Amino acid sequence: MTSAKPRKAWRLVFERRTAPFIEPLMGYTGGRDTLTQVELNFPTLEAAIRYAERQGLNYVVQAAPPASQAKVTRQHASEEKQAFSDLVWQRLQLA
């Protein structure tokens, strides 16, 4: 088992320029936009902004949600999973 320290870096993520499509032979979701696979990490916000401006990219800065909000979101997701699980048990008449 491995663990790592959480990163405090800023990421530059490219928005999708073309819509995804269903590949007809296997049914996979495909796409022709390879930039959606690229994520660039920067040590500071200023470095990320300088890079975007140097490359002539339009950008939007989005900060991570505060830790307290992330905890509430995690708790809400846990409650949704429990509700779904209860519904499945009831439908199977195993509750």
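Since the model is a prediction, treat every value here as computed from it, not as a measurement. Just so it is clear, the values below take in all heavy atoms, side chains as well, and ignore hydrogens, waters and symmetry mates.
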Can you tell me how far CH2 of Trp10 sits from OG1 of Thr44, rounded to the nearest 0.5 angstrom? 9.5 Å
Using the rule that Ile, Leu, Val, Met, Phe, Trp and Tyr join whenever any side-chain heavy atoms are under 4.5 Å apart, tell me whether Leu35 and Phe42 fall into a single cluster. yes
Please tabulate, one pair per line, all N/O donor-acceptor pairs under 3.5 Å involving side-chain atoms of residues 50-63, not counting sequence neighbours.
from: Glu53; atom 1: OE2; to: Tyr59; atom 2: OH; distance (Å): 2.9

Salt-bridge contact Arg17-Asp33 (side-chain N to carboxylate O under 4.0 Å): yes
Check whether any side-chain heavy atom of Leu40 sits under 4.5 Å from a side-chain heavy atom of Val38, and report yes or no. yes
Any side-chain heavy-atom pair from Phe21 and Arg32 closer than 4.5 angstrom? yes
Counting heavy atoms not belonging to Glu15, are there more than 12 under 6.0 Å from its CD? no
Nearest heavy-atom approach of Pro20 to Arg16 is CD-CD, 3.7 Å
